Structure formats: C-alpha cells, structure tokens
Amino acid sequence: MIEKKWQKKWADEKLFESNPNDKEKLFITVAFPYPSGAMHIGHGRTYTVPDVYARFKRMNGYNVLFPMAWHVTGAPVIGIADRIKRKDKWTLDLYENVHRVPKDELPKLEDPEYIVRYFSSEYNEVMHDMGYSIDWRREFRTIDPTYKKFVEWQITTLHEKGLIQKGEHPVKYCPNCDNPVGDHDLLEGEGVGVNELTLLKFKIDDKILVTATLRPETIVGATNIWLNPDIEYIEVDADGENWIITREAHHNLSNQIKDLEIKDEINPDDLIGKFALNQFTGTEIPILPASFVSGDYGSGVVFSEPADAPADFIALKDLKNNTELLDKYGLNDIIGDVNPIPVCTLKGYGEIPAKDIIECLEITSQNDDKLHEATNELYKAQHSKGKIIDTVEGYGGKKVSVAREELKEELISKNIATTMYDFAERPVICRCGENCVVKIMDDQWFMKYSNPEWKEKTHEVLENETIIPGEIKNNFNYYIDWLDDWACSRKVGLGTKLPWDNQWLIEPLTDSTIYMSYYSIARFLKDMNPDDLNLAFFNKVYLNEDSDDITVAPEVIKEIQDEFNYWYPLDWRLSAKDLVGNHLSFLMFHHSAIFPKDKWPRGTVVFGMGLLEGNKMSSSKGNVILLKDAIKDYSADVVRLFLMASAEPWQDFDWREKEVLGTKRRLEWFKDFANKVEQIKGSSLDLNSIDKVELTRTIDLWMLSQLNQHVKASSEALEVFQTRKALQESLFLLKKDIDHYLYRVNHLLDKKDEGVIYVLSIIVETWIRLLSPFTPHTCEELWAEYGGEGFASSAQWPQVDESLINPKIEKSEELIQNLIKDIEQIKKMVGDEAEKVHIYTAPDWKWDLYEIANEIGKPDIGQIIGRAVKADICDDKKEIANVAKKLGREMTKTKYVGKIDEADIINDALEYISKEIDCEVIVHEDDSYDPQNKARNAMPYKPAILIQ
RNA sequence: GCGGGGGUGGUCGAGUGGUCAAAGGCGCUAGGUUGAGGGCCUAGUGGGUUAGUCCCUUCGCGGGUUCAAGUCCCGUCCCCCGCACCA
C-alpha cells in the first residue's frame, strides 16, 4: 500500500526522468531482459543492483540515467509459440504453472510476438512494483521500426568497415526443423562437441571405401578395413567418385557435401575378404568384419590400426579367435598376415600401446564398455606426448599432434582424403525428436571477431575499463582472444533483416551490442517517422558526419545529438556472468569499431547467479519464486533488502525463506525506531529542525563516532557496488551499535536527556537516508512522517564528519566493556559475594613505554627496554623489563591509539559499571591503597582490578 | 584438454603479513523481558587451564620465506564455472 503510494508520487513528480543539465551525469544500464517468461527473484537481483546504485549516486548529486528496454529479437519465442500451438504438455504446464499465465491467455501465446508483448508488459509492471528508478520514457522493444533502423545503421557501418564477411561453418542442425539448434534446444546430447574427422579414401575397383578417423597419421599403420555386416551400406556419387558409406552416415554427410546422391545398395558380405588399396602407402589391405563399427558415426567405414586403436586391436583378436566367422568369409588364409604395425612411440608403453592399455584395463571383447575409456586415454596421451616412429618417411620422430596436421594436409592435397564433421558422441536429438546432424552452413555472414586489429582495439577498450569484480578482467582478455568469427545471420526468429542481403535476419546478440547509445535518444525517436532515420541521420547524431541525405530538421538533430553526447559514454554496464564470453565482449568489440575512444564504455559489473534454498534456480525445472509473489508475500523493500544484503552482486545469492524473514524483522525494527525515539523524546520528532547539543558524555560521542564510521564504510562500499558490505555497515553493524547505545544509556531514557535525544535524532535522520537506496518506500514514508524535507530519494546522501570519528573515544568504550567483562569473570571465579571493586589505572610511565614501543613498531623487546631505560621513564629498571616483555606479547594485539585519560573515562561510566556488576566501584590512580598488590598489573587500556 | 575462480567453525560467509579464535547472518544452548516455548534483548557456541590469564589445536594437504602467514612463494589434492551460432 505505502509502496504503491510512493511509486505514484515519484511518477507524478517525474523524479526519475533524466534530462541533460549542468550536473555531473551518470549513465548506468543493465542487460535488458528477453521476456519469454515471468520475472523471478533472480531477475529481481539483476535489476535491483543498478537501481540501488542509481539511487545512491542521485543522492550524491549526480544526474543519473537508468533506462530499460526489451530484447524481443531471436528464436526462442518461435519455438515456444510452436510448442504451445502443438499443445505440448510440458510447455503448457510450464507456462500455466511456473510462469502463471492465466488460462484464457494461454492460447494467445501461439503468437510469438504476443509472448514477448505479454511478458514485457508483465516485466514492466513488476519493475514498477519493485520501485525501480527507471526513466520509462526511453522504453523500447527491439522490433520497434525505429530501433530496426538503428540496427540497420550499425550493421551497415560494420559491413562497410569490412568487419562482416561471408563464410561457411559447421553447425548442429535439425533436418526436421530445418534450422540450426543450440544446446538448449536439445532433448538429448547437451554439451556434445563437434569433431572434425578426416575421410581417408581406400580404392577398391572403381569404388572408394571412405573411412572416417580422428587420427589420420595412423594411416601408415593401417592393416585392414572394418565393415559391420549387420548394417546397411550404400554407394553414393560424390562429385564423380563412387563412395561406399552407410545409409545412416549419408543422413549426416549429405548436409556437408553437396549432391551426395545414392546410387546403389551395397551388401557388405560381398566386400569382406576382398582387398582395398591404401593410396598413401601403396599396400593392399583386406576388408574384415567387425561388430563394434557403428553405422551412424563418421562414414560407418573404418580402417584398422590395431597398434594404437584399442578397438581395432581387440576386434582383430576377436576375429582371429572366431573360427566360425573366419570360415564364413573364407578368411583363414589371409588373417594370419594381419598384425599390428607400430606407428607411435609413447613413454610408459610398449611397441603396441593398444595392447598394453587393453591388458591394463582388462578388456576382453570389442563390445566392452571400457573400450571407450581406453581409446580416450590413449588418444590423449599420444596427442600430448607421443611421437611417430623413426622409420616413417617424412614424419619419423615428429610429435603425433604435429604429424597429424601435416599428414592431413598432404593427404587432402593428394585427394587421398577430405574432411567431414560429426558429433563427438551420439545421440544428439532435437526437441522435435529428430536425430540432429552436422550441417555446413554456407552463404552465412560472419562478424569478423578474428580480425587482429579489431581484437587489438577491443583489448584497448577493456584496458580502459573498470571491471567489477577485478578477477573477471582476465576472463575478458581470454575471451577477446578466443572469440572467432561469429555467425551473425539467421533464418528464423524475430529481428531485423540484413540490409544488403534480405534473406537473412540479424542474429539477436549482434543486434544488441551498442543499444545503450539508443537509450540516450530513444525518447525523441519514439514518435519520429522511421523513414527519416536513415544512415545519414545516425551518422550525424552519433558520429557528427554531415550529409545531404539528412531529412530531419537541423535543430531537431542538434537536440538529439546533444542528448547523446551528454549521456555517452556509458559509465556502467551490468550483466550476469553468463554473458561475459559473448554479449559483454561483443559490446566492447562493437564500441571499439563504431565509436571514437571518448565514447567507449567505462565500467562493467558482472553478476552471479541465484540459488533457491541451496539449489540452482531454474524456470524450466519449476524451481523459482516469481518476483511478483515475493513482493506480495514480503513487500518490495524486504525483497530488495534481502537481495542486496545476502551476497555481493557477483556472488551467488541464496534465497532462504528463514533469512528473508529475518530481513523482514530487521526492517520492521528499523521502521519502528523513529517511533521509539519519538517516545523517548516525549514530543514529535522533526528531522528538519534538530537542535544541536554540545555532547560531553563519552558514550554519546562514541555513538556518533560509530555512526560516522558506518556511513563512511557504507559509502565506500556502495561506490564499488558492494551492496552487501554497505548494508552490513549501514544496517547490521549500525543496529548493533544502536542496541548497545540504548543499553548503555538505558538509565537516561526516561529522563528526557537532551544529549541522548540529540544523538538518537541524528541517527534517525542519517539512517533513513542511508537506507533509502535499498528500501526506498519505507524510507520515503518515514522521511515524510518525521518531517524530512522533500523526497528521501532526492535527499542528500549522509556526509561523513571526520571530526566526529574518534579512535580514542572508541577505545574508551572498548575499555569500559572489557573492564565489565573482566570483573564479571573474576567475580564468577572467586565465587564469594563481592562488595567492593577497586580499579587501578596504568601509571604514566607505562604509557610512555607504550609510546616507545609504538614508535619502534615491532615487538623488539631489547630495543624497547633500551630506549625506555635511556629515557628514564621509571626508577625501577627491573619493572620496566617485566612490563616491556608483557607489552611485546600484547602490542600486536592491541591497537594503540594514544594515551587516554582512563580515570576520567571510568568515572564517566561509573554509574553504568556499578549497575552492570552490581557492586560499589572505586577508582584509584595510584597504589596508595593496594592490599593485595594488584595495582602493578595495570596496563594501558587494561586497568588492574581488586575485588573484595 | 584450454581458460577463469575457489577450498576458513554446525552452515552461509568477512578476512589489507601483526589489532584474527576468526566480523556479520542463519542454526543451536542458556539467561532476561513477555500474555510460558512467538518476537525482542543479553551471553555462549574447538579443547584445556586460570583472579580478568595462559597454553594447545585450527583456515584442503605438504614444504618454504619472515621476529610474525588464512594472508606471500613452491609443490600437491579436490571443487565450481565457461568453451559459442544462443538468451
């Protein structure tokens, strides 16, 4: 209720609508959402961080722009709409029960545009409910006609700079959907990589057995060809060559090689027993049967290299022992000549490494599951440490990894080989149920992130940026180097068409790399005619290039251009960490290519993820709490406070109901605090006119010192987005101190003590402002109720009064607390009823000694004693030595802040102390009365105690 | 494999080479307040010992540098994240 009230007031007053003025500006953006589902508390954190920062900086006098828009381009909603249309049960369930779309709205989601419209307006609503200080006049969607013109401009600009070029690339592809598929589109096979295989051609009559391998260098050790008699082989026409492969392999290969036409079926039994020519070595090798060969991997035809391939080794062994099979195919005469030919040497292995590893893992047949493991292990070992044996001409002694590449080149150039792609593992199944293939996309457009000069420039962008947290900077550097050409055109989805090649849509990450610059001018473009937003228009606005093609009036252009120049560059970019390797890096790339240096981004903050009671949050698994529900259950301020307090932005936060409730109680305590102060005061509290009071009590000074410490620490933390640390200081630790203060002055609370009232009033006044960025609604309400001027949201951020921060005062209170604790402890041990407590303060010479030790700075006892004796601080040299030794042990534990008047301090708190320990207290500054010789125990900050 | 980040008490997590047996939250225990167990306040939460002390153990494991190391160096084990055609 109060939240709605203040949101309305802010909107009515246009408090967060930011226009250029003469204040210092601050432009902060957060990655806009792709609204394909409801907003959950994870999103809540993402958008609360910039809001808190924006509010903080606004209170510090900055002109802050915090805008929001909707990323609706891309393919996911197309798939969602399809599944809704198909009445896919899982999808319907997800949208009805997790995203909580009302039943009558559900069928409308068959339209992808409706999906993004529906959820972006829901996002908008929830963001309002959260009280975000967004300038909504700049809201847009990435399919708005005006925005599309902007995308056309940027993509054309990059194209003209030669940074977008045509190429081809293998992709995971679903033949049924006729579209590339990402990992998230898969039913099975998530994370499976695509391998490049070498297709080696073995001649047999007028046909070619095409064998696929990851290890072309082992061709010199080929002993035979394997065919699986149980699967279907076919003959295909590959550009005039007659290839023999499996039918399943054709399914995949036909997406990579054009016009791969099936000519005939081949019965593998007809080939087994015959010989094929190894064109590289010139030897004839037999064709043999093997059951481990699968029809869907590679070409379905395998050449055997039993020395290094465990599967080949064991298959050969199996065959030699299988008289039935040998008889069937009449292989008895030739099988004896088929023996492993060594190819690689590898430390720790013998001449036939495959044999060693098979024996080591106790593999007994070619259908053993461990075969995969054996193959992987040997493959890795040989790749990193193996060498080709010396007898191989041209390649002997070379590293396996080197020989592999070189030999492959040679084979391809001699047309003995070609390349193909296949999944590292199968199956890979699309959500539609179809078996995926690797397709080579030609005609595809690429963003040339491989361009070295571009990379160079992008590194420069990064160098000049502040990255939070700092460790991520290494990550960025790595990604900038690692990024290869990025396919930037698509066939399916919502989006803008490539201006020069209309069959393609612009890929959705590509259209969102410099859109922050669009925010700066969005409020003007909204109502303009898209036809006026031609290339010349944007060239003028963004790059100040003149042209006759501009159709917009100069004074209008000027205003727009000025606004852009006022807000740009972007001061802070915030985003979740999963975008580091793409979006955030692209942002740097594109800024470096399009804008001059003074418009490059200045800072990036990367967020962690959200957990729910210790488990990963995920909409698709239903493990989420919707933000709107959280607001309803706890209020926006509690949600905001919890999200900001439970972890720093870049750490993963964990939504635990118990702790959320704790946060709620904490906020209620705060809400009630002003009221409590008013009661103590006994009259109404007016924050706008607090009468200044000269304070003398240590405890009052202590409270103000602590308050200023917390303000200082909190401000410093917020400056670098440490919301948790800021709240730790401004909420938890401050409250702890206030609790202590109230406890300390408890005896004064009903006496209308003006010192106490003053201190408490200052706390209320400061505290409301300190928490205003985090819990703006609550703070506005309190601010208004207790006479604050204007909005709390636009009040000045509390300034630190350094003169009130007093380490000696803080030390004094620490002394009192320790004293009480010590007395209590001694009392407990003595057991007897104590009547009187004598306290002895440290004599001056001990302070002198401390001063000396402090100057020396380290516990060098010899030096301390030496100087002390020389300075003649005390007659009793032996006692100097004793105390110095003790001091040496303690000085690193005690923060020395200078001499304090202990007697004065203790007397000031005498009433409190005696009440606490329930005893009469007598303070001695000398040992004139010291029946048990305790006074000598007194040390600075640690008076001696005698209990009677 | 490559790259990045980590391993601190029952748990989540602070922690600049000395002020750290280790903030704060949560949990647990005790006391106070109250309309008993809710909330709030106070105290405790590795072990031993004691007139407020001191000792031992301890920051994944093993070494090293230093008067002094959770913090720096070397080695080692383990865990998490990213590796792309996509938000």
Side-chain angles (χ1 to χ4, degrees), chain A residues 31-34 36 71 73-77 169-173 180-185 191 193 380 383-384 441 444 446-447 449 469 471-479 481-490 493 507-510 512 576-583 608-609 611 614 645-648 650-654 656 658-659 661-663 665-666 668-669 724-725 727-729 731-733 736 739-740 742-743 818-831 857-861 888-897 932 934 937 942-947:
Chain A
F32 52 15
Y34 182 79
S36 64
H71 190 213
T73 40
V77 284
H169 197 71
V171 294
K172 282 182 194 168
Y173 196 84
V181 286
D183 257 352
H184 45 276
D185 301 320
K380 269 184 209 162
H383 179 77
S384 58
M441 302 283 285
Q444 171 68 282
F446 284 90
M447 201 57 75
Y449 293 136
E471 306 89 78
I472 301 284
K473 198 155 193 166
N474 299 331
N475 254 328
F476 272 111
N477 265 315
Y478 174 77
Y479 277 119
D481 286 331
W482 167 81
L483 273 166
D484 201 355
D485 296 343
W486 178 267
C488 63
S489 54
R490 289 290 174 280
E507 187 272 331
L509 285 182
T510 308
S512 306
K577 66 176 159 203
D578 46 345
L579 298 184
V580 170
N582 44 60
H583 166 72
M609 301 284 162
L611 302 177
S646 65
E648 300 294 5
W650 44 91
Q651 298 171 323
D652 295 347
F653 74 90
D654 191 358
R656 290 177 189 257
K658 267 217 158 114
E659 301 199 19
L661 283 169
T663 305
R665 287 197 294 268
R666 199 54 64 104
E668 270 158 15
W669 192 98
R724 175 187 151 96
K725 184 161 188 215
L727 278 172
Q728 199 77 233
E729 293 287 342
L731 185 58
F732 297 92
L733 296 179
K736 218 178 143 100
D739 279 337
H740 178 68
L742 289 174
Y743 189 72
N818 287 337
L819 198 57
I820 292 170
K821 214 189 259 174
D822 289 347
I823 293 168
E824 297 258 274
Q825 209 163 118
I826 300 169
K827 267 174 70 181
K828 221 182 271 175
M829 261 165 239
V830 174
K858 51 182 179 183
D860 184 339
I861 296 166
R889 282 199 303 272
E890 281 174 6
M891 69 174 287
T892 53
K893 288 188 193 164
T894 316
K895 189 179 181 182
Y896 184 73
V897 296
Q932 287 182 39
K934 294 282 183 195
N937 289 339
K942 194 171 177 57
I945 299 161
L946 167 66
I947 294 183

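Keep in mind it's a predicted model, so treat the numbers as computed, not measured.
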Base, sugar-phosphate or nothing for [X]? Non-hydrogen atoms, less than 4.0 Å.
X	answer
V580(A)	nothing
I472(A)	nothing
G581(A)	nothing
Y478(A)	base
E471(A)	sugar-phosphate
H71(A)	sugar-phosphate
D654(A)	nothing

On the 0 to 90° scale, with breaks at 30° and 60°, tag the F32(A)-H71(A) ring pair as parallel, tilted or perpendicular. parallel

Assigned partner base of [N], Watson-Crick or wobble definition, under 3.5 Å:
N	answer
rA30(B)	rU42(B)
rU19(B)	none
rU49(B)	none
rA68(B)	none
rC83(B)	rG1(B)

Taking only residues two or more places apart in sequence or in another chain, which ones pass salt bridge (Lys or Arg N to Asp or Glu O under 4.0 Å) with D652(A)? K577(A)

Not counting sequence neighbours, which residues clear side chain to side chain contact (heavy atoms under 4.5 Å, CB included) with K725(A)? List them please. E648(A), A717(A), Q722(A)

Set of side chain to side chain contact (heavy atoms under 4.5 Å, CB included) partners for Y478(A), sequence neighbours left out: W482(A)

Distance in angstrom units between [X] [atom1] and [N] [atom2], rounded:
X	N	atom1	atom2	answer
W486(A)	rC85(B)	CH2	P	7 Å
Y173(A)	rC86(B)	OH	P	11 Å
H169(A)	rC86(B)	NE2	C1'	13 Å
F732(A)	rG25(B)	CZ	P	7 Å
L661(A)	rG25(B)	CG	P	16 Å
K658(A)	rG27(B)	NZ	P	6 Å
D652(A)	rG6(B)	CG	C1'	12 Å
L483(A)	rC2(B)	CG	C1'	15 Å

Just how far is it from atom CZ of F653(A) to atom CZ of R724(A), taken to the nearest 0.5 Å? 13.5 Å

Distance from Y34(A) atom OH to T73(A) atom OG1, nearest 0.5 Å? 7.5 Å

Flag the pair F446(A) / D484(A) as yes when at least one side-chain heavy-atom distance between them is below 4.5 Å, and no otherwise. no

When the nearest nucleotide of RNA chain B is assigned to R656(A) and to D485(A) on a heavy-atom basis, which residue is associated with the more 5' position? R656(A)

Pick the C1' atom in rG63(B) and in rC83(B), then give their distance to the nearest Å. 35 Å

Taking rG9(B) as the reference, what is the distance to rA22(B) when you measure between their C1' atoms (whole Å, please)? 9 Å

The contact string for nucleotides 43-53 of chain B, one letter per nucleotide 5' to 3', using protein heavy atoms under 4.0 Å with B, S and - for base, sugar-phosphate only and none, comes out as -------BBBS

Qualifying residues under ring pair (Phe, Tyr, Trp, His ring centres under 6.0 Å), relative to H583(A), sequence neighbours excluded: none

Over all atoms of both residues, closest heavy-atom pair of I823(A) and I947(A): O-CD1, 3.9 Å

Under 3.5 Å between N/O atoms: give me all the protein pairs with nucleotides 32-42 of chain B, atom names plus distance.
{"unit_1": "rC40(B)", "atom_1": "OP1", "unit_2": "R665(A)", "atom_2": "NE", "d": "3.1"}
{"unit_1": "rC41(B)", "atom_1": "OP1", "unit_2": "K735(A)", "atom_2": "NZ", "d": "2.4"}
{"unit_1": "rC41(B)", "atom_1": "OP1", "unit_2": "D739(A)", "atom_2": "OD2", "d": "3.3"}

W650(A) vs I472(A), side-chain contact (heavy atoms from CB on, under 4.5 Å): CA-CA, chis, key distance, verdict: CA-CA 10 Å; W650(A) 44 91; I472(A) 301 284; over 6 Å; no

